[in-house]
Amino acid sequence: MHAYRTHTCGQLRKEHVGQTVRLSGWVNRRRDHGGLLFIDLRDHYGLTQCVVEPDEAAFAETDKARSEWVLTLTGRVVARPAETVNADLPTGEVELRIEQVAVQGQAQELPLPVFGDMTYPEDTRLKYRFLDLRRERLHRNITLRSKVISSIRRRMIDQGFTEFQTPILTASSPEGARDFLVPSRLHPGKFYALPQAPQQFKQLIMVAGFDRYFQIAPCFRDEDARADRSPGEFYQLDLEMSFVTQDDVFAAVEPVMHGVFEEFADGRIVSPAPFPRIAYDESMLKYGVDKPDLRNPIVIADVTDVFARDDVAFKAFKGKTVRAIPAPGAGAQPRSFFDKLNDWARGEMGAAGLGYVVFEDESGVLAGKGPIAKFLPAEALAAMAARTCVKAGDALFFSADAKTDRAAALAGQARIRLGRELGLIQEGEFKFCWIVDFPMYEWSEEEKKIDFSHNPFSMPQFPREKFLALDNDDRDTILGLKAYQYDIVCNGIELSSGAIRNHDPEVMLKAFEIAGYAREETETKFAGMLNAFRYGAPPHGGTAPGIDRIVMLIAGEENLREVTMFPMNQQAQDLMMNAPNEASARQLNELHIRSVLPETK
RNA sequence: GGGGGCGUAGCUCAGUUGGUUAGAGUGACGGCCUGUCACGCCGUAGGUCGCGGGUUCGAGCCCCGUCGCUCCCGCCA
């Protein structure tokens, strides 16, 4: 007989009755009845009830075992009496009569229980991650993550993609997020950087004549965390293709995304391919964000012209962009509902407020109620009602600001809040869309200059010769330029960002020049890539869906830590491994590094 | 860097207007119990009320500071 096990703890069924078997696992639960002792033994595969009576030889040893001890139990499989079958357990028709016990590992009193589903503090969970991972939910999520990644990999390979590895120690990239730096021992004063993404490498792979590259790629960015943004590191399904248009990329990615979500949907509805395509400008108007949750039925409308009418006397909105956010059924809400939203807009959002009108039916005619209704004559109300499809019993909220993007942003946040608070979000659905036609540039208010809006490597949607001829006088044209840049969004979460790349060295130099980078500067910073583009670069493009976010959505979790095996806390510390940590003087000497600590307050 | 929330037993929490010896559930430990599967019953141990300072006759509670965790803003090409 094997030293540790003949079966797993999830394996035994009625057909094993009569066999002598050996199981190894953790004591999930111990139930001492004096006359008989039950041990629920747990391993990766499941749970088996084991039992021993006091007059049996194994009793004394079994009796010592406590929660989370590791035991090897040997004995006969017996059928449980009919009235004691546990229908909730796959192994619930049988139990193991313990004849031999071997203690493989003892456990101290637990800082957090494995059994049960109580919540406990995040730092305790992280410090004792190995215990938390034994728990059912996390164990299931991590296993799910593995299955999702296998499925993605299989789907990519089936579509003719090839997986390549790219360096982890590379050069700092001047654009984008803060890099993690790694000091060089051989080159005093110089540093490697961990890749924020294999962006330049995957483009070089295309230049190198490979096609349809993918990788489950680790990415490193030294930026602050959010619930849907891990500190430090995360994984992307990084992919790139040559000789493709935007439509080709979409056609390659949609079946993978749809397929993998469908595979693990478990009854939830997944948007069929092709996914809807929404232009960035349209998204900002209708949803107020560039990552709309399409499960939320609310659609924002522009009503600037209505408030500009001469017969509308509401001065606070004159000369401002006004967006209307319909709130279906909100007419039934108490006054406090409206006040709370207004307080939120003024406080958290830093807005002047969130006006509203409640629509009521007055003998067949729509009438407006609320503080600003008196400023709105019937024709203005009717015009807004028609544009936003509100009816009696609904309300309309207004977001107004002299700056259009601020009006849109407040409207977008209000839409999210209203959708949630009015219970309008359709659960049990994965609603995908592409956001396309992102602006190439934007005006940077703090730097007072034109800057890249998103990805500096994207190809502008503009004829080459005209683009090369652009100069400072063409500011409006430049700020109106769109790029072949696109995001995949699912349920309000940005899953992926991608682009058709700029593979023309002259256009690339010009693109950076517009953003304020001298040609020599661009030549130096992107020497590798520009140089490569001068030796025959194919048109290419790709995207990079976030693996962690995909798993989070499929697992139905709200935080990436729930789908990451060994996550860091929000301050980017690993409480279990105690990272980051001081380096020894010797290590620092070898690296020609000295710490200059900030002055303590 | 900034804002909000939280911090009381190993864990989840209660703790009245500032007033006697800070409680419950759960877990741990001991005892009893032959069919439980969140077993049940009895008992025991377990507390720097995050930390420091202040107000007060008296602080878990009020004030100031600080630390930790978390969510958000900034940031994330």
Side-chain angles (χ1 to χ4, degrees), chain A residues 28-42 47-56 59 66-68 78 80-89 91-92 95 107-128 131 173-179 196-197 199-200 219-232 234 344 347-350 409 413 438 440-442 444 446 451-458 483 485 494 497-499 501-502 511-512 515 517 525-526 544 546 558-559 561 569-571 573 575 598 600-601:
Chain A
N28 192 59
R29 195 81 177 144
R30 178 183 185 279
R31 288 181 299 279
D32 182 0
H33 284 250
L36 77 172
L37 175 64
F38 294 103
I39 300 279
D40 289 341
L41 203 66
R42 181 196 74 240
L47 206 67
T48 302
Q49 175 167 286
C50 306
V51 63
V52 64
E53 292 177 22
D55 50 354
E56 291 176 57
F59 182 85
R66 292 293 178 268
S67 284
E68 298 308 307
V78 300
R80 295 205 204 177
E83 65 276 14
T84 66
V85 165
N86 186 345
D88 298 330
L89 217 56
T91 61
E95 63 193 6
Q108 301 174 6
E109 184 177 350
L110 301 165
L112 52 89
V114 173
F115 172 79
D117 53 2
M118 274 206 311
T119 58
Y120 30 98
E122 204 62 28
D123 46 341
T124 309
R125 295 183 61 190
L126 291 173
K127 185 172 178 188
Y128 299 97
L131 291 179
S173 135
E175 283 291 325
R178 205 174 288 120
D179 285 312
Q196 296 178 23
Q199 178 68 35
Q200 294 188 61
C219 303
F220 305 90
R221 295 177 191 176
D222 189 3
E223 296 292 348
D224 291 342
R226 291 286 184 277
D228 64 351
R229 204 167 79 205
S230 297
F234 61 98
W344 159 80
E348 209 167 310
M349 296 300 294
Q413 294 308 307
F438 275 81
M440 183 85 189
Y441 298 103
E442 64 191 13
S444 166
E446 54 273 29
D451 206 353
F452 288 110
S453 181
H454 292 87
N455 186 328
F457 302 111
S458 304
Q485 155 112 34
E494 181 194 317
S497 195
R501 318 298 173 185
N502 183 349
F512 276 86
Y517 296 86
K525 282 179 173 166
F526 299 100
E558 305 256 308
N559 195 298
R561 283 190 298 266
N569 68 5
Q570 198 182 20
Q571 282 77 45
Q573 296 164 302
L575 299 177
T600 47
K601 283 173 265 180

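Each of A:Ser67 and A:Gly34 was matched to the nucleotide of RNA chain B holding its nearest heavy atom; the match closer to the 5' end belongs to A:Ser67.
Here A:Gln571 reaches the OP1 or OP2 of B:rU70: one of its side-chain N or O atoms lies under 4.0 Å away. Within the structure, every side-chain polar atom (N or O) of A:Gln413 is placed at least 4.0 Å from both OP1 and OP2 of B:rC72.
Across all strands, A:Gln199 comes closer than 4.0 Å to base atoms (heavy-atom distances). Nucleic acid contact for A:Glu122: sugar-phosphate only, since backbone atoms but no base atoms lie under 4.0 Å from a heavy atom of the residue.
Interface remark: the A:Arg30 side chain does not form any donor-acceptor pair with the B:rC39 base, using a distance-only criterion of under 3.5 Å. Put simply, the side chain of A:Glu95 and the base of B:rG35 share a donor and an acceptor less than 3.5 Å apart. Under 3.5 Å, the side chain of A:Asp32 and the base of B:rC33 form at least one donor-acceptor pair of N or O atoms. For A:Asp40 against B:rC37, no side-chain N or O and base N or O form a donor-acceptor pair under 3.5 Å. With hydrogens and angles ignored, no donor-acceptor pair closer than 3.5 Å exists between the side chain of A:Arg561 and the base of B:rU70. On a pure distance criterion of 3.5 Å, no polar donor-acceptor pair joins the side chain of A:Arg66 and the base of B:rG27. The base of B:rC76 is paired with the side chain of A:Arg229 by a donor and an acceptor separated by under 3.5 Å.
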Atom pairs and distances, donor-acceptor, side-chain atoms in residues 29-40 of chain A, under 3.5 Å, two or more places apart:
from, atom 1, to, atom 2, distance (Å)
A:Arg30, NE, A:Ala65, O, 2.8
A:Arg30, NH2, A:Asp63, O, 2.7
A:Arg30, NH2, A:Asp63, OD1, 2.8
A:Arg31, NH1, A:Asp40, OD2, 2.8
A:Arg31, NH2, A:Asp40, OD1, 3.1
A:Arg31, NH2, A:Asp40, OD2, 3.4
A:Arg31, NH2, A:Gln49, OE1, 2.9
A:Asp32, OD1, A:Gly34, N, 2.8

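Stacking between A:His33 and B:rC39 is shown: the ring centroid lies under 5.5 Å from the centre of the six-membered base ring, and the planes differ by under 30°.
Stem list for RNA chain B (at least 3 consecutive Watson-Crick or G-U pairs, distances under 3.5 Å): B:1-7 with B:67-73, B:10-13 with B:23-26, B:28-32 with B:40-44, B:50-54 with B:62-66.
Rounded to a whole angstrom, the distance from the C1' atom of B:rU66 to that of B:rA22 is 25 Å.
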